[in-house]
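Input: a single structure, listed below in structure tokens.
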Amino acid sequence: MEIAKAYNPKEAEESHYQRWEKLGFFSPEINENPNATPYSIVIPPPNVTGSLHMGHALQHTLMDVLIRRKRMQGFKTLWLPGTDHAGISVQRKVVEQLRKDENKSPLDIGREEFLRRCWKWKEDYGNTITEQMRREGASVDWTRQRFTMDESLSRAVREVFCTLYEEGWIYRGLRIVNWCPKDKTVLSDLEVKEESKKDGKLTYLKYPIKDSDRTITVATTRPETMLGDTAVAVNPKDERYQDLIGKMIALPLTNREIPIIADEYVESKFGTGAVKITPAHDPNDYQVGERHNLPQILVMNDDATMNANAGAEFEGLDRFKAREKVVEDFEKLGLLEKVEDYEISLPTCERCKTIVEPILSEQWFVKMDEMRDLALDLAKQNTPKFSPEVPHAKVYTNWLENLKDWTISRQLWWGHQIPAWYDEGGNVFVARTYEEAKDQAKTDKLIQDNDVLDTWFSSALWAFSTFGWNGEITETEDLNTFSPTDVLVTGRDIIFLWVSRMMMTTKKFVNKVAFKDVIVTGTVLGKDGKPMSKSRGNGVDPLDLFDKMGVDATRIYLASIATGADIRWNDTLIETYRNFANKIWNATRFCLMNSEGATVDHQSLMLDGNDSIADKWIVSRLNKTAIDVNKALDKYEFHTAVSLLYHFFWDDFCDWYIELVKDEITFTDESADADEDDLSVLKESAPQIEARTRIITILETALRMLHPFMPYLTEELWFKLPNVSNALHHESYKSAEATIMLTNFPNGDASAIDEKAESEMQSVIELISKVRNIRAEMQIKPSDRIAIHVACDRNFQRIFTENKAQILKLARADKLNLSNSLDVPKASAKAVITGGAEIAIPLEGLIDFEQERNRLQNQINKLDTELQRLNGQLGNANFVERAPAEKVQEIRDRVAEIETQIKALKLNLEALG
RNA sequence: GCCCACUUAGUUCAGCGGUAGAACGCUCGCUUCACACGCGAGAAGUCAGAAGUUCAAGUCUUCUAGUGGGCACCA
């Protein structure tokens, strides 16, 4: 079998995915067992404008690991892919394109044409991320791919909107909302990020009191809003202002008069104790305004320039220019008291970073009290179960408890247009269709609401709308089979935005939990410890990693860091896994170079008791690893699973097992004059074929366990193994074409764990390691053969005799002398191993006595430190009395062991003189 | 202001009540017939600080400091 010397990921990645997809391996229908248990995951729909970033790569890897393992275990698995329509993002891109290419605005071409362009844009560019997911090896069922603006999903949106409206859970109202002047749309609280600004200013303005020469001073961070002031409020108990309550103010720069009112909301201690009230531009002021029946004067346009209400002097000015002008004008009037530096946090638009303006606006809202309880009641029963539980479960519950109403209308065209119509009198009719609205209104002179719904409104239905529910159709086979989904994998940032809302709507509309478990991944941070972002330039592109390191290396690397905690990016760590991929490749290469006559045969791992220690040991290790990997994955401890697989494969299988059986399975040149390159003259013996079959089968089992993490490499190598076919498949996939994807994921067999063999093998390993240590420290050349003398009991003698050939080879020795006591020249290097075997290596002429003394003394010192600590424990009467007896015994045994070793080493030291 | 998490080898991180671990880096030695993306042997940590609980504490409790995050407030 010809196989390249180094693993080339590209070659393997190119062919397999297409085949898997074409043969339908990703669809649940591939499972032939009608009674198979379903297992499902819906993908957090990436933004249709998006391209793959590190967060996706991490989360997709974890979902794929979960799905691939369950599929191999015979579950009827579905991982459902799709994208959301990303209202603002797409709209912004199309607007920009229109402006650049045709110098037109959306209004120039009209709503219908604009939407046509949006769909075109989606057709042209919306596949970026789905193609990238194919590159990742994500085993999603593309036949069930969904988009939030698909016909059925859109119908679901209308159904949900209307139902919630009919039940009074959705309302339309005039409220202070977050307005993004750049996108010219309202935003929900969750789309607004507070950004602390150190160079803020607090401006103190003096307002003259009518018919008086007094003034009252108010402080503000947004002086321009004074143009919309309709009162000044003070605390009713504030003695400073008692005589002013009820007086009128001649509001400067306007020709309005506004009252001084008393309201509990004002804190006397803060600022001057007097607050300007701008009901149309501040949520608190709005409430004060409601209480006192104050007029609401909106002084800004939707692009945050001042409007006519602000006065001719200000109309058309940008809000920040207006701010400067207000301050200047007050100064000219002698009414500017002072300007202080003031640290303030400003609400900004999460997407475009524009400072959000709170303004009075009529919008649609979801009332959150009853809605919230749907999720909160479940949360109190620990549903969904968060992983890691701390801190997410608590943060989630706390957030639900303090939830405010959700602004769902957006002043965009791209999205689900709100199913509400207005007649000429402005009466509103909410209906599933225009026809129904007409029936309600008894007229056809209706205009549909211009606005669309928040993208998250449709995403909130993802856990059931994707399975076919749309209000008209309320039961589908997929919904029955795959809902509730088993687990959701997502980032911290959308727990509130998305996870919570899916829990609510799924409970409300299909009366199910959306998903049982939620895995919250950490964030992969840049080298600087900050979240990766384009503006910071600290991002790492997963596609670059795919090119440089290979998809499989990237995947298993990401799984290895998936502990739930944030992790700082480190360039060199991924190389570990590129090297690992190459190691797997080469171990397979080695096995294949010596595979003549061998087959993959799991019967070969059923040991009968007459097998070698090495075989019993590796089979034991293999099964233990399988059991532990499954346990780890059941607990979503991906990093533990990776670590177990890495060390089993590299340390146990490559470093020891392959080396131990190398001579047995490779051709020897004993057969007379045979040309070494001419393998044909050599004949395999039955035991050799047995040994080859066993190592190939162990390798095959390891590849299966690695497959969910490294799908391409394992598939590529699996096909190179002798006699692989769909006969090796899990029983649920017997008719499918051959692939490692559909083989059994090893469960591990507890009865195959052989602690005795493991401990015996440990002694062999320790013996070889000690000899190697002596060789290295005594600077014995690799080419120099040595003699090993071991004094030990009969049990050790049996073990070492059985492994004599391997010990000689791996310790580069030509003699192994086993006896009850040592009889060696003084010029020998010595060591002791656990269990009391003494090693001596005669080094006539090679030994440096001084160096050997140091070496022995160092070992004695190390042991002595431990001995003292342990003796300290035993000397503590409380410990001996109160600690569990087995613990005490453990320590005593250890002390005895160390004392034996120290004694032997000391004798050796004395013998050196 | 309230709440939460984190602080372990040079670096990035595991471990979370009973002998301090991994990877990378570092030192020394190897063209050993799968792999130099390799092989062998090493060095390297008062587990942020203080107090407490316990026979026993990176591991549990409290406090302190630093870092990061969430929520509220922001005239």
Side-chain angles (χ1 to χ4, degrees), chain A residues 3 5-7 194 196 200 202-204 218-222 232-233 265-267 270-278 282 284-285 342-347 388 390-392 394-395 398-399 402 492 495-496 523 525 527 529-530 549 553 560-561 563 565-594 637 639-640 643 646-647 654-655 658-659 662 666-667 669 676 768-769 772-777 779-783 809-810 812 866 869-870 873 876-884 887-888 890-891 894 898:
Chain A
I3 169 164
K5 195 170 169 181
Y7 173 51
E194 298 286 327
S196 120
L202 190 59
T203 307
Y204 290 75
V218 295
T220 178
T221 56
R222 296 188 292 152
V232 166
Y265 153 73
V266 182
E267 281 181 46
F270 195 95
T272 62
V275 188
K276 60 190 274 309
I277 299 296
T278 324
D282 182 280
N284 290 314
D285 293 5
Y342 187 68
E343 192 179 327
I344 188 175
S345 65
L346 292 173
V390 178
H392 301 115
K394 192 175 164 187
V395 171
N398 285 353
W399 180 79
N402 299 303
R492 221 174 9 233
I495 293 177
F496 305 151
T523 309
L525 305 171
K527 259 183 269 188
K530 304 255 165 58
M549 301 287 160
S560 83
I561 60 171
T563 63
D566 289 354
I567 186 156
R568 203 180 276 230
W569 180 260
N570 182 311
D571 281 327
T572 61
L573 288 180
I574 190 168
E575 288 177 20
T576 303
Y577 294 95
R578 182 200 53 182
N579 297 350
F580 185 45
N582 190 55
K583 188 73 179 177
I584 296 168
W585 178 268
N586 272 291
T588 306
R589 180 166 176 255
F590 170 78
C591 292
L592 290 174
M593 286 166 84
N594 301 287
E637 289 176 1
H639 66 292
T640 308
S643 168
Y646 183 93
H647 289 108
C654 293
D655 284 352
I658 287 183
E659 296 303 331
K662 205 171 227 177
T666 50
F667 293 102
D669 56 0
E676 276 186 46
I768 294 168
S769 299
R772 282 171 169 174
N773 173 274
I774 290 173
R775 294 191 64 117
E777 302 225 342
Q779 288 158 17
I780 296 167
K781 279 186 288 184
S783 54
K809 180 180 155 98
L810 298 181
R812 308 185 74 77
E866 197 185 339
R869 207 195 67 248
L870 295 177
Q873 268 187 285
N876 182 346
N878 282 328
F879 171 71
V880 181
E881 258 173 55
R882 300 200 203 176
K887 197 79 234 165
V888 178
E890 213 173 277
I891 304 271
R894 181 76 190 137
I898 292 173

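The chains referred to below are lettered A, B, ... by the order of the sequence lines, with proteins before strands, and numbering in each begins at 1.
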Can you give me the N/O atom pairs linking the protein to nucleotides 5-9 of chain B at distances under 3.5 Å, or say none if there are none?
none

For [N], the Watson-Crick or wobble partner whose two distances fall under 3.5 Å:
{"N": "B/C2", "value": "B/G70"}
{"N": "B/C16", "value": "none"}
{"N": "B/G38", "value": "B/C30"}
{"N": "B/U61", "value": "B/A51"}
{"N": "B/G45", "value": "none"}

When we call it a touch if two heavy atoms are under 4.0 Å apart, what does [X] touch: a base, just sugar-phosphate, or nothing?
{"X": "A/Ala587", "result": "base"}
{"X": "A/Asp285", "result": "nothing"}
{"X": "A/Lys583", "result": "base"}
{"X": "A/Lys394", "result": "sugar-phosphate"}
{"X": "A/Val266", "result": "base"}
{"X": "A/Arg589", "result": "sugar-phosphate"}
{"X": "A/Ala877", "result": "nothing"}
{"X": "A/Asp655", "result": "sugar-phosphate"}
{"X": "A/Thr221", "result": "sugar-phosphate"}

Could you tell me whether the side chain of [X] has a donor or acceptor atom within less than 3.5 Å of a complementary atom in the base of [N]?
{"X": "A/Lys5", "N": "B/C35", "result": "no"}
{"X": "A/Glu659", "N": "B/A34", "result": "yes"}
{"X": "A/Glu194", "N": "B/C74", "result": "yes"}

In whole Å, I'd like the distance from the [atom1] atom of [X] to the [atom2] atom of [N].
{"X": "A/Phe879", "N": "B/G18", "atom1": "CZ", "atom2": "P", "value": "13 Å"}
{"X": "A/Glu637", "N": "B/G15", "atom1": "CD", "atom2": "P", "value": "8 Å"}
{"X": "A/Glu881", "N": "B/A56", "atom1": "CD", "atom2": "P", "value": "13 Å"}

**Message:** Please compare A/Ile567 and A/Arg812 by the position of their nearest nucleotide in RNA chain B and report the one closer to 5'.
**Reply:**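 In this pair, the answer is A/Ile567.
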**Closest-nucleotide 5' rank along RNA chain B - winner of A/Arg222 and A/Asn876** =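 Closest to the 5' end, via its nearest nucleotide, is A/Asn876.
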Report the nucleotide, chosen from [options], that has the shortest atom-to-atom distance to any side-chain atom of [X].
{"X": "A/Glu777", "options": "B/C74, B/C35, B/A41", "answer": "B/A41"}
{"X": "A/Gln873", "options": "B/A41, B/A34, B/G18", "answer": "B/G18"}
{"X": "A/Ala776", "options": "B/A41, B/C74, B/A34", "answer": "B/A41"}
{"X": "A/Asn773", "options": "B/G42, B/G18, B/C74", "answer": "B/G42"}

State, with a plain yes or no, whether a side-chain heavy atom of [X] is found less than 4.5 Å away from one of [Y].
{"X": "A/Ile898", "Y": "A/Glu866", "result": "yes"}
{"X": "A/Trp585", "Y": "A/Ile3", "result": "yes"}
{"X": "A/Tyr7", "Y": "A/Ile584", "result": "no"}

Show each protein N/O and nucleotides 19-24 of chain B N/O combination with a separation under 3.5 Å, one pair to a line.
| from | atom 1 | to | atom 2 | distance (Å) |
| --- | --- | --- | --- | --- |
| B/U19 | O2 | A/Glu866 | OE2 | 2.3 |
| B/A23 | O2' | A/Thr576 | OG1 | 2.3 |
| B/C24 | O2' | A/Thr572 | OG1 | 3.1 |

**Asked** Could A/Lys662 and A/Phe590 be counted as a cation-pi pair, given that NZ or CZ must be under 6.0 Å from the ring centre and within 45° of the axis?
**Response**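 Flagged: A/Lys662 positioned over aromatic ring of A/Phe590.
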**For A/Asp285 against A/Thr278, the heavy-atom pair lying closest together** =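 Reported closest heavy-atom pair: OD2-N, 2.8 Å.
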**Message:** Could you report the tightest heavy-atom contact between A/Asn582 and A/Lys5, atom names first, then the distance?
**Reply:**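 Looking at all heavy atoms of both residues, the shortest contact is OD1-O, 4.5 Å.
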**Prompt:** Passes salt bridge (charged side-chain N to carboxylate O under 4.0 Å, His left out), A/Lys809 versus A/Glu659? Steps please.
**Reply:** CA-CA 9 Å; A/Lys809 180 180 155 98; A/Glu659 296 303 331; 5.2 Å; no
**Asked** Which distance, rounded to the nearest 0.5 Å, do you find between the OG1 of A/Thr220 and the OH of A/Tyr342?
**Response**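 So the OG1 of A/Thr220 and the OH of A/Tyr342 are separated by 10.5 Å.
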**Asked** Say you draw a straight line from CD of A/Gln873 to CD1 of A/Ile891; how long is it, rounded to the nearest 0.5 Å?
**Response**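 Atom-to-atom, A/Gln873:CD and A/Ile891:CD1 are 4.0 Å apart.
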**Asked** Between the side chain of A/Arg775 and the main-chain N/O of A/Lys781, is any donor-acceptor distance below 3.5 Å?
**Response**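 Looks like yes, one N/O pair under 3.5 Å.
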**Modelled atom types, side-chain donor and acceptor of A/Asn586 and A/Thr588, under 3.5 Å** =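 A/Thr588 and A/Asn586 do not have a side-chain donor-acceptor pair below 3.5 Å.
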**Request:** Classify the glycosidic conformation of B/G15 as syn or anti, calling it syn when the angle lies within 90° of 0.
**Result:**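 Anti.
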